[in-house]
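One structure is given below, encoded as structure tokens.
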Amino acid sequence: MRVNATWNVPEKPGLEGLEDKWAKTWRDNSTYAFVRPESRDQVFSIDTPPPTVSGSLHVGHVFSYTHTDVVARYQRMQGKHVFYPMGWDDNGLPTERRVQNYFGVRCDPSIPYDPEFTPPEKPDPKRQIAISRRNFIELCIQLTAVDEQVFEDLWRHLGLSVDWDTLYATIAPSTQAVAQRAFLHNLARGEAYLSYAPTLWDITFQTAVAQAELEDREYPGFYHRVAFHAPDGSPIYIETTRPELIVSVCALIAHPDDVRYQSLFGSFVTDPLFGIQIPVLAHTSAEPDKGAGIAMCCTFGDLTDVTWWRELNLPTRTVIGRDGRLQAETPEWVGNPAAYEPLAGKTTYSAREAVVEMLRASGDLDGEPKPTVRMANFYEKGDKPLEIVATRQWYVSNGGKDLNLRGELLRRGGEELEWVPDYMRNRFTNWVEGLNSDWLISRQRFFGVPFPIWYPLDNDGEPNWESPILASEDLLPIDPMSTPAPGYAEAQRDQPGGFTADKDVMDTWATSSLSPQIACGWGVDDELFNLTFPMDVAPQAHDIIRTWLFTRVVRSHLEFNSLPWKRATISGFVVDPDRKKMSKSKGNVVVPTEILAKFGSDAVRWRAAMARPGADSPFDETQMKVGRRLAVKVLNASKFVLGMGSATPISAVTEPIDLALLEALKGVVSAATASFEAFDYTSALEVTEAFFWSFCDDTIELLKERAYGNLNVAQGTASTELSDTGESTQRVPSPEALSARAALQTALNVLQRLFAPYLPFVTEEVWSWWQEGSIHHAAWPTVAELSVEGDVALLSAVAEALSGIRGAKSNAKMSQKTAIARIEFAGEAASLDLLKLAENDLRAVGSIKGDIVWTPQPGPLSVSAELLAPVE
RNA sequence: GGGCGCAUAGCUCAGUUGGUUAGAGCACCUCCCUUACAAGGAGGGGGUCGUUGGUUCGAGUCCGACUGCGCCCACCA
């Protein structure tokens with residue numbers, strides 16, 4: 001058979017190699033480059049989550065990023081200029097940890113820079129080499145460059161249609177400039193401030209952490225029943241899991257209505273070991289049924305202690321230092337210095353053991369410690385419980401203290417913002433309503449954005465925290481550690497009367513909270529910013545609503561008095577088959593490269609698209625096969641339809657069944673479009689796929705004989721004969737043949753485009769066989785382009801009849817090519833009339849050689865057939 | 001303790017504003033190596049819609065209660 005000479009349909013199409021082939025073409029042609037249009041309404045802009053490059057991508061990332069890409073491709077086909085940047089979150093603690101392990105080094109800021117330094121060949125993680133801050137940062141940059149290439153390769157292989165020219169990195173100088181400028185603006189407006197206050201502190205990483213980075217974990221411990229002493233010598237028992245903190249006790253606290261302690265309120269008791277006079281006070285947040293009903297308040301054991309300390313104006317008696325050890329010097333409030341000596345410099349664990357022994361010796365431990373499991377706050381990346389240490393930190397207002405601001409943020413994120421799915425907005429409001437402190441943005445780390453701040457030193461060399469020296473905006477980014485403060489010489493650094501740099505860096509969320517500003521060119525490229533901001537969509541998973549999503553709303557609200565985007569689209573997780581969250585420690589992580597290699601990108605993307613917005617989805621390999629089968633089917637169906645004849649315009653469609661096909665397709669187009677407009681990519685795929693399978697199984701089967709020209713509808717005879725060589729002798733095709741060809745080609749064309757967002761590789765491949773340009777810049781199909789009218793009922797009636805014919809053969813356990821001697825269709829008269837319109841097509845597909853009997857009767861269609869033996 | 005979500009076939013999930021006999025894919029069974037496709041095709045079996053009360057002519061769908069599972073937040077003396 002001859003096909004249109006301009007078409008190039010391969011003999012044996014396959015999926016292998018399509019990813020490499022088209023990824024390269026898209027790269028060479030800059031297929032997904034953002035081209036600036038005239039106006040904002042022609043743009044669809046996406047605030048892509050910048051993945052943490054020091055981590056590894058798992059299949060959940062692949063799903064989530066695919067969801068975004070599917071929407072991006074749809075919008076592009078709708079004619080939007082899609083602004084789809086990618087970012088790498090490469091600064092911060094995760095990178096530092098990876099660098100430490102990878103190179104076997106650690107950062108010691110006191111060491112001078114060594115330009116000759118090269119990391120060891122074989123790093124010994126147990127004996128990390130101390131290197132300077134600058135050497136450390138150089139290694140961070142070196143390693144992130146390698147990691148980022150791996151990520152980019154994977155995203156390209158997956159077919160993400162991001163514009164790789166707009167790539168950003170959170171540690172890049174331009175990003176640092178944005179982060180510093182935004183911070184200076186916050187500072188100028190009074191939203192950022194420096195405060196010396198109790199801070200949640202990770203003793204391993206020796207840094208403050210923010211409320212949003214906390215995680216609850218079970219932690220084994222013991223209840224200790226300990227006697228304090230009333231003035232008359234009688235014991236007052238408290239229960240504590242942290243007896244080592246007795247030295248920092250500043251009050252005993254019970255509920256004001258608790259009858260047991262009425263007589264003690266206002267009096268002083270003595271601790272069992274250190275001779276400290278401690279007031280007994282009342283506070284309504286003390287719970288009579290917890291422990292002994294009276295609690296020991298220390299500075300600081302937990303966040304309740306902080307509340308009591310603040311509200312009752314208690315003295316600060318901190319003994320635990322930044323390293324998690326009890327301080328070496330005896331605290332001045334300890335009346336019995338000898339008692340402290342055994343504890344000095346010990347870790348909390350050793351100090352606890354020592355205190356227990358001392359309590360036993362003094363007889364103040366009532367009974368043995370009882371084992372318990374308590375919940376403790378952990379830094380999400382740490383493995384020791386957090387301590388609370390008073391430190392000086394930078395904060396940004398986030399509604400944790402300012403209730404007006406909280407209300408504004410609740411209106412922004414909880415009401416104004418559109419959420420997909422909608423119920424995810426509850427996570428936002430829940431979080432904002434539960435905030436109990438402002439946003440702590442400073443970290444005592446190295447690989448991050450420095451604060452553009454110095455402090456003047458007085459004549460004693462003490463910093464003046466009240467009057468920081470600010471960097472000028474036009475000099476950003478700036479590193480105060482290597483650049484002297486304005487008006488000072490480098491020689492005055494850390495000298496009395498000179499200046500000192502703020503040595504902290506911003507937390508990674510303080511930078512990524514500005515991703516819309518970074519990506520859209522805030523303050524750098526006004527034209528771009530006006531075209532892309534506020535952005536259209538913020539895709540992400542539900543685990544970082546309280547961090548990334550919330551902090552972006554905060555920054556945008558404070559800076560622009562607006563939302564950073566119109567809507568947030570929330571993906572669920574991919575969980576393991578037992579519905580457990582995937583994690584490295586459980587060993588249930590599915591590595592995406594393997595799954596992509598095994599099933600192909602289109603198949604994995606198909607499976608991703610079947611996971612609805614927000615819904616967690618169990619990982620199941622067998623589902624990937626289904627996607628692969630669909631991709632193969634697209635190849636084969638395209639090859640078959642395009643092999644049946646040359647290009648035929650839609651105007652040639654005249655047969656009722658052909659018109660019905662296109663009428664049904666209109667319904668698919670409008671349903672898929674409506675779903676996409678609601679960001680319901682799953683429903684759009686389902687409706688397309690359902691139609692496509694019936695298109696393949698029923699419609700193509702039904703029309704192929706006529707389309708080939710093997711069937712002349714009028715006479716039921718062939719209009720094309722085969723020559724000896726198998727080449728067809730082209731006669732002028734009948735109008736009926738042209739109608740079938742035109743209908744099949746039109747439907748195929750539409751279906752290829754409907755699948756393009758999901759299966760970018762295979763659709764680009766089949767499109768390239770017969771169309772010019774990339775399918776990903778083709779117009780999204782419309783009802784209007786299907787400019788014919790038909791009766792959809794005909795299509796379903798024929799499908800039913802086909803099913804009956806097949807069922808008859810299948811029940812007789814005969815081959816489907818078995819000829820039929822006589823067949824009876826019994827059913828509603830209207831259905832039979834419809835079937836008569838496709839009688840010749842039914843004859844052809846069913847090999848009906850003899851009579852067709854039409855029997856009108858109520859009820860569903862029933863088919864009975866007399867079969868002939870197949871002709872050998 | 002507060003909030004959110006889920007519960008439909010062995011598994012994964014659809015099921016629009018209540019309306020005939022509750023659907024799809026996978027898995028399973030039977031048949032067919034048919035000139036697009038055997039990594040295929042055709043046909044088939046399989047569900048008391050978590051429990052329970054109510055509203056209604058009619059409930060998988062709406063309302064109440066309960067049970068189980070998951071997630072978020074808080075508390076953690």
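Values reported hereafter were calculated over all heavy atoms of this structure, with side chains retained and with hydrogens, waters and symmetry mates removed. Note that the coordinates shown come from a computational prediction; the quantities given were computed from them, not determined experimentally. Every chain is numbered from 1 and lettered A, B, ... according to where its sequence line falls, protein lines coming before strand lines.
Spacing between B:rG50 and B:rC69 at atom C1', rounded to whole Å, works out to 11 Å. A distance of about 15 Å separates the C1' atoms of B:rG64 and B:rA59, rounded to the whole Å. Of the P atoms belonging to B:rA39 and B:rC33, the separation is 16 Å, rounded to the nearest Å. Distance noted for atom P between B:rU55 and B:rC29: 48 Å (whole Å). The same atom, P, is picked in B:rA27 and in B:rC11; the two are 15 Å apart, to the nearest Å. With both ends at atom P, the span from B:rG68 to B:rG46 equals 33 Å, rounded to whole Å. With both ends at atom C1', the span from B:rC49 to B:rG23 equals 12 Å, rounded to whole Å. On the C1' atoms, B:rG18 is 9 Å away from B:rU56, given to the nearest whole Å.
Atom CD of A:Q816 is separated from atom P of B:rG43 by 7 Å (rounded to the nearest Å). As a whole-Å value, the separation of A:D258 CG from B:rA77 P is 17 Å.
Each of B:rC72, B:rA36, B:rC76 was ranked by its minimum atom distance to the side chain of A:R374; first place goes to B:rC76. In this structure, of B:rA14, B:rG25, B:rU34, it is B:rG25 that holds the atom nearest to the side chain of A:Q623. Closest to the side chain of A:Y423, from the set B:rA77, B:rC4, B:rA36, is B:rC4. When distances run from any side-chain atom of A:K633 to the nucleotides B:rC37, B:rG43, B:rU34, the shortest one goes to B:rC37. Here B:rG3 is the nucleotide among B:rG3, B:rA36, B:rA42 with the atom lying nearest to any side-chain atom of A:N430. Picking from B:rA77, B:rG43, B:rA36 the nucleotide with the shortest atom distance to the side chain of A:W308 gives B:rA77. Of the listed nucleotides (B:rG43, B:rG41, B:rC4), B:rC4 has the atom at the smallest distance from the side chain of A:N426. For A:R607, the listed nucleotide lying nearest its side chain is B:rU12; candidates were B:rU12, B:rA77, B:rA42. Comparing B:rA42, B:rC72, B:rA36 by their nearest atom to the side chain of A:K639 picks out B:rA36. Nearest nucleotide to the A:K290 side chain, out of B:rC32, B:rG43, B:rC75: B:rC75.
Using a 4.0 Å heavy-atom cutoff across all strands shown, A:R628 reaches at least one base atom of the nucleic acid. A:Y223 comes within contact range of the sugar-phosphate backbone alone, with a heavy-atom separation under 4.0 Å but no base atom that close. Among the protein residues, A:W606 comes within range of no part of the nucleic acid, since none of its heavy atoms lies under 4.0 Å from any strand. Nucleic acid contact for A:T682: none, since no nucleic acid atom lies under 4.0 Å from a heavy atom of the residue. Contacts of A:T241 with the nucleic acid, taken as non-hydrogen atoms under 4.0 Å apart, involve only primed sugar atoms and P, OP1 or OP2. Within 4.0 Å of A:E239, counting heavy atoms only, lie sugar-phosphate atoms of the nucleic acid but no base atom. Within 4.0 Å (heavy atoms only), A:E287 reaches at least one base atom of the nucleic acid. As judged by a 4.0 angstrom heavy-atom cut-off over every strand, A:C696 is placed among the base-contacting residues. The residue A:T307 sits apart from the nucleic acid: no heavy atom pair falls under 4.0 Å. Nucleic acid contact class of A:K813 (heavy atoms, under 4.0 Å, all strands): sugar-phosphate only. Among the heavy atoms of the strands, none lies under 4.0 Å from A:A690.
Between A:E387 and A:R242 there is a salt bridge, since a side-chain N of the basic residue sits under 4.0 Å from a carboxylate O of the acidic one. For A:E433 and A:R546, the salt-bridge test fails: no basic side-chain N is under 4.0 Å from an acidic carboxylate O. The pair A:E686-A:R612 counts as a salt bridge, with a side-chain nitrogen and a carboxylate oxygen less than 4.0 angstrom apart.
Residues passing the side-chain contact (heavy atoms from CB on, under 4.5 Å) test with A:E368, sequence neighbours excluded: A:R360.
Residue A:R225 has no polar side-chain atom (N or O) positioned under 4.0 Å from OP1 or OP2 of B:rA77. In terms of phosphate contacts, A:T240 brings no side-chain nitrogen or oxygen within less than 4.0 Å of OP1 or OP2 of B:rA77. A close approach under 4.0 Å does occur between a side-chain nitrogen or oxygen of A:T304 and OP1 or OP2 of B:rC76. For the pair A:Q211 and B:rC73, the criterion of a side-chain N or O lying under 4.0 Å from OP1 or OP2 is not met. OP1 or OP2 of B:rG41 lies within a sub-4.0 Å distance of a side-chain N or O belonging to A:R629. Checking the phosphate oxygens (OP1, OP2) of B:rA36, no side-chain nitrogen or oxygen of A:S638 falls inside 4.0 Å. Using a 4.0 Å cut-off, some side-chain N or O of A:R546 falls inside it from OP1 or OP2 of B:rC73. Between A:K704 and the phosphate of B:rA36, there is a side-chain N or O to OP1/OP2 separation shorter than 4.0 Å. When the side-chain nitrogen and oxygen atoms of A:Y261 are compared with OP1 and OP2 of B:rA77, none of them lie within a distance under 4.0 Å.
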- Run the numbers on A:E689 and A:W606 for side-chain hydrogen bond (donor to acceptor under 3.5 Å, both in side chains), then give the verdict. CA-CA 11 Å; A:E689 206 186 337; A:W606 174 88; 3.1 Å; yes

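Rounding to the nearest 0.5 angstrom, the gap separating the CG atom in A:L549 from the CD1 atom in A:I544 is 8.5 Å. Going from atom SG of A:C696 over to atom CG of A:L748 covers 9.0 Å, rounded to the nearest 0.5 Å. A distance of 6.5 Å separates CG in A:D697 from CZ in A:R806, rounded to the nearest 0.5 Å.
Taking every heavy atom of both residues into account, A:A819 and A:K849 meet most closely at CB-CG, 3.8 Å.
Figure legend: A:R628 and A:F599 shown without cation-pi pairing, the cationic atom not lying both under 6.0 angstrom from the six-membered ring centre and within 45 degrees of its axis.
Mapped onto RNA chain B by nearest heavy atom, A:V626 and A:E16 fall at different nucleotides, with A:V626 at the one closer to the 5' end. Between A:E686 and A:N811, the residue whose closest nucleotide on RNA chain B is further toward the 5' end is A:E686.
Taking the six-membered ring wherever Trp is involved, the centroid distance between the rings of A:F63 and A:Y681 does not fall below 6.0 Å. A:Y261 has its ring centre no less than 6.0 Å from the ring centre of A:H255.
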- Task: Quick one: the dot-bracket string of RNA chain B, using Watson-Crick and G-U wobble pairs with both distances under 3.5 Å, [ ] for crossing pairs and | for bases paired to another strand.
- Result: (((((((..((((.....[...)))).(((((.......))))).....(((((..]....))))))))))))....

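A:S617 and A:R607 are linked by a side-chain donor-acceptor pair at a separation below 3.5 angstrom, with hydrogens and angles left out of the test. A:S638 and A:W770 share no donor-acceptor pair across their side chains, judged by distance under 3.5 Å alone.
Proximity of residues 612-621 of chain A to RNA chain B (heavy atom under 4.0 angstrom from any strand atom) is restricted to A:R612, A:D616, A:P618.
Within 3.5 Å, no donor on the side chain of A:D216 pairs with an acceptor on the base of B:rC73, nor the reverse. In this model, no side-chain donor or acceptor of A:E11 finds a partner on the base of B:rA36 within 3.5 Å.
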